[in-house]
Amino acid sequence: MQTTWLRSRELPQLGPFIVLKKGKVAWLLFRNGGAISRSAQWLRRHCHTFEPVGASRAR
């Protein structure tokens, strides 16, 4: 399973979130406890709207 910290360039108010990728499913886990399930295909199509966040900066 791949985990990556990302931040949305279009929606910075969401703050950083973790993406858990397993097979064709990706979960976006937000720091406020929310989670959204997306397809890995959706993630690839929208990857230009995200930027990686260093783990040390995502407090």
Side-chain angles (χ1 to χ4, degrees):
M1 192 176 309
Q2 269 185 301
T3 62
T4 313
W5 276 98
L6 295 176
R7 187 190 329 246
S8 172
R9 288 188 177 114
E10 296 176 351
L11 299 167
Q13 66 272 24
L14 289 177
F17 54 90
I18 292 183
V19 176
L20 298 176
K21 238 167 61 173
K22 188 173 184 183
K24 293 179 183 260
V25 181
W27 285 90
L28 280 56
L29 306 178
F30 294 91
R31 289 172 62 210
N32 66 4
I36 301 173
S37 175
R38 296 282 192 214
S39 69
Q41 187 179 13
W42 177 91
L43 203 61
R44 276 197 303 275
R45 280 202 313 264
H46 291 84
C47 66
H48 63 279
T49 66
F50 302 128
E51 61 185 4
V53 178
S56 59
R57 286 172 44 212
R59 277 179 270 125

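Residue numbers count from 1 along this sequence.
Nearest heavy atom pair, residue Ala40 against residue Gly23, reads CB-O, 3.9 Å. The shortest non-hydrogen separation linking Leu6 to Val53 is C-CG2, 3.7 Å. The two residues Ser8 and Phe50 make their nearest non-hydrogen contact at CA-CD2, 3.9 Å.
Partner of Phe17 under the side-chain contact (heavy atoms from CB on, under 4.5 Å) criterion, out of Thr4, Leu28, Ile36: Leu28 alone.
Distance CZ/Arg38 to CG/Leu43: 10.0 Å, rounded to 0.5 Å. Taken to the nearest 0.5 Å, the CD atom of Glu10 stands 6.0 Å off from the NE2 atom of His48. For the atom pair NZ (Lys21) and CZ (Arg44), the distance works out to 7.0 Å, reported to the nearest 0.5 Å.
Remark: the backbone N or O of Gly15 is not paired with any side-chain donor or acceptor of Arg7 at under 3.5 angstrom.
Hydrophobic clustering (ILVMFWY, side-chain heavy atoms < 4.5 Å, transitive): Trp27 and Phe30 are in distinct clusters. Following chains of ILVMFWY side-chain contacts shorter than 4.5 Å, one can reach Val19 starting from Trp42, so the two form part of one hydrophobic cluster.
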